[in-house]
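One structure is given below, encoded as structure tokens.
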Amino acid sequence: MSNVSVGNQLSATLLEQTFSIEECNDIETFKQLVAGYVSLDQCVAVLSDFQADCSYIYAGNFGKVFGLPSENSVIDSAFEECIFTKIHPDDLVERHILELNYFEYLKRLPYQDSHKYSTSSRIRTQNTVENCAYINHRTIYLKSFSNGSVWLALCLYAPSADTQSRLGIDGKIVNIETGEVIAIEKYKHYQQTLLSKRELEILTLVAKGSNSAQIAAQLNISVYTVRRHRQNIIEKMKVANTTEAVKTAMVMGIISI
């Protein structure tokens, strides 16, 4: 499955937040901290500014795996497509879904606590490069506003010592103060809030091969209502059609057949 639909959903979720310009006042401090960390660790760090829709990329020696220039750079996007294109597409979909869950989980916490949690995963590159076929990836929301909107995010990419071949990214949300791994039961239901109960019902029937007329008859509603729900599903999931919506929903675990 293409990662485009999940990526669109993630970008819309983060870029369409309500930002407080008055609180955007200390990015230079964060830039200096990230640059200093990369100079020591030699990893790749991406500092994303969702309000300005741009990113600052700091590439240590590990940046060679992604073909990044050695000097720091700025891109006109809050999402590092220059790195995403080098990641295995299946793992990229899972990475995006993990961040969506992370975002929704943190929304339920006091905004001051958002920096206390991070995602943790192991992703594959598109191509095996010496011992760098596997990458440890983390996302940390560094600064949130008092209204709960996330302003600055940090993504870290570093070589993984775990080179055992297996499917999946082993994605986790971790409390970086205590080391606690947040149980998936505490956040997996957030995905269910994306669609209404009726929309989930209709999308499940679409996944099983039913057309709009059959769904209308089964649910005792009009074909017009079914079509309206299908259009709402497409808009909410940021996909091109219901076929793509079914694929995305199944990967996210929203529906099953």
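With hydrophobic clusters built from ILVMFWY side chains whose heavy atoms lie under 4.5 angstrom apart, Val150 shares a cluster with Leu109. The hydrophobic cluster containing Val74 also contains Leu152, counting ILVMFWY residues as joined when their side-chain heavy atoms lie under 4.5 angstrom apart, directly or transitively. Residues Phe19 and Tyr111 do not share a hydrophobic cluster, defined by chaining ILVMFWY side chains whose heavy atoms lie under 4.5 Å apart. Both Ile184 and Ile97 are members of a single hydrophobic cluster when ILVMFWY side chains are connected at heavy-atom separations under 4.5 Å.
For residues 152-168, the set of pairs meeting the salt bridge (Lys or Arg N to Asp or Glu O under 4.0 Å) definition, not counting sequence neighbours, comprises Arg122-Asp162, Asp162-Arg166, Arg166-Asp170. Sorted by first then second residue, the salt bridge (Lys or Arg N to Asp or Glu O under 4.0 Å) pairs that include residues 70-80, not counting sequence neighbours, number zero. Applying the ring-ring contact (aromatic ring centres under 6.0 Å, His included) definition to pairs two or more places apart or across chains, those involving residues 147-184 are Phe66-Tyr157, His137-Tyr157, Phe145-Trp151. Here salt bridge (Lys or Arg N to Asp or Glu O under 4.0 Å) pairs that include residues 44-67, with residues two or more places apart or in two chains, number zero. Counting only residues at least two apart or in different chains, salt bridge (Lys or Arg N to Asp or Glu O under 4.0 Å) contacts with residues 139-152 comprise Asp26-Lys143. Sorted by first and then second residue, the side chain to side chain donor-acceptor pair (under 3.5 Å) pairs involving residues 214-223 (not counting sequence neighbours) are Ser222-Thr225.
With sequence neighbours left out, Glu199 forms a salt bridge (charged side-chain N to carboxylate O under 4.0 Å, His left out) with Lys236. Under the salt bridge (charged side-chain N to carboxylate O under 4.0 Å, His left out) criterion, Lys116 pairs with Asp113, not counting sequence neighbours. Under the rule for a ring-ring contact (aromatic ring centres under 6.0 Å, His included), the partners of Tyr117 that lie at least two apart in sequence or sit in another chain are Tyr105. With sequence neighbours excluded, the residues that form a salt bridge (charged side-chain N to carboxylate O under 4.0 Å, His left out) with Arg124 are Asp91. With sequence neighbours left out, Glu235 forms a salt bridge (charged side-chain N to carboxylate O under 4.0 Å, His left out) with no residue at all.
The two atoms that bring Ile233 and Ala245 nearest to each other are CG2-CB, 3.9 Å, heavy atoms only. Nearest heavy-atom pair across Glu94 and Gly168 is OE2-CA, 3.5 Å. Contact record, Gln17 with Gly148: OE1-O, 4.4 Å, taken as the closest heavy-atom pair. When every heavy atom of Arg198 is checked against every heavy atom of His229, the shortest pair comes out as CG-NE2, 3.4 Å. The heavy-atom pair separating Ala59 from Asn72 by the smallest distance is N-OD1, 4.1 Å. Residue Leu156 comes nearest to Ala45 through the heavy atom pair CD2-CB, 3.6 Å, listed as atom of the first residue, atom of the second, then distance.
Proximity of Tyr56 to Val46: side-chain heavy atoms (C-beta onward) are nowhere separated by under 4.5 Å. In this structure the side chain of Val38 never reaches within 4.5 angstrom of the side chain of Val44, judged on heavy atoms.
Side chains of Ser48 and Ser55: a donor-acceptor N/O pair is present below 3.5 angstrom, by distance only. If you check the side chains of Arg230 and Ser212, you find a donor sitting under 3.5 Å from an acceptor.
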### Query
Lys197 and Glu201: salt bridge (Lys or Arg N to Asp or Glu O under 4.0 Å), yes or no, with the steps?
CA-CA 6 Å; Lys197 182 177 179 181; Glu201 193 173 21; over 6 Å; no
### Task
Kindly indicate, with the supporting measurements, whether the criterion side-chain contact (heavy atoms from CB on, under 4.5 Å) is fulfilled by Arg95 and Cys155.
CA-CA 11 Å; Arg95 191 223 78 91; Cys155 283; 4.0 Å; yes
### Worked check of side-chain contact (heavy atoms from CB on, under 4.5 Å) between Ile123 and Tyr134
CA-CA 6 Å; Ile123 56 180; Tyr134 296 96; over 6 Å; no
### Task
Let me see the working for Arg138 and Ile140 under side-chain contact (heavy atoms from CB on, under 4.5 Å), right down to the final yes or no.
CA-CA 7 Å; Arg138 295 177 66 201; Ile140 307 169; 3.7 Å; yes
### Message
Before you tell me yes or no, could you show the steps for Ile83 and Leu68 under side-chain contact (heavy atoms from CB on, under 4.5 Å), namely the whole-Å CA-CA distance, both residues' side-chain angles and the distance that decides it to 0.1 Å?
### Response
CA-CA 8 Å; Ile83 294 177; Leu68 297 173; 4.2 Å; yes
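Aromatic ring centroids of Tyr141 and Tyr102 lie under 6.0 Å apart.
The one candidate from Leu195, Ile254, Ile215 that meets the side-chain contact (heavy atoms from CB on, under 4.5 Å) condition with Leu203 is Leu195.
The structure places CG of Asn232 at 14.5 Å from CZ of Arg227, a figure rounded to the nearest 0.5 Å. In this structure, Ile173 CD1 and Glu99 CD are separated by 10.0 Å, a value rounded to the nearest 0.5 Å. The structure places CG of Leu100 at 5.0 Å from CG of Leu10, a figure rounded to the nearest 0.5 Å. Atom SG of Cys82 and atom CD1 of Ile75 lie 4.5 Å apart (nearest 0.5 Å). A distance of 11.5 Å separates CZ of Phe79 from SG of Cys54, quoted to the nearest 0.5 Å.
Put simply, the side chain of Thr119 gets close to the backbone of Thr139: a donor and an acceptor are under 3.5 Å apart.
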Mind listing the side-chain donor-acceptor pairs of residues 174-182 below 3.5 Å, one per line with the distance, residues two or more places apart or on another chain?
{"from": "Asn175", "atom 1": "OD1", "to": "Glu177", "atom 2": "N", "distance (Å)": "2.8"}
{"from": "Asn175", "atom 1": "OD1", "to": "Thr178", "atom 2": "N", "distance (Å)": "3.1"}
{"from": "Thr178", "atom 1": "OG1", "to": "Glu180", "atom 2": "N", "distance (Å)": "3.2"}

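More than 12 heavy atoms of other shown residues, nucleotides or ligands fall within 6.0 angstrom of atom CG in Leu40.
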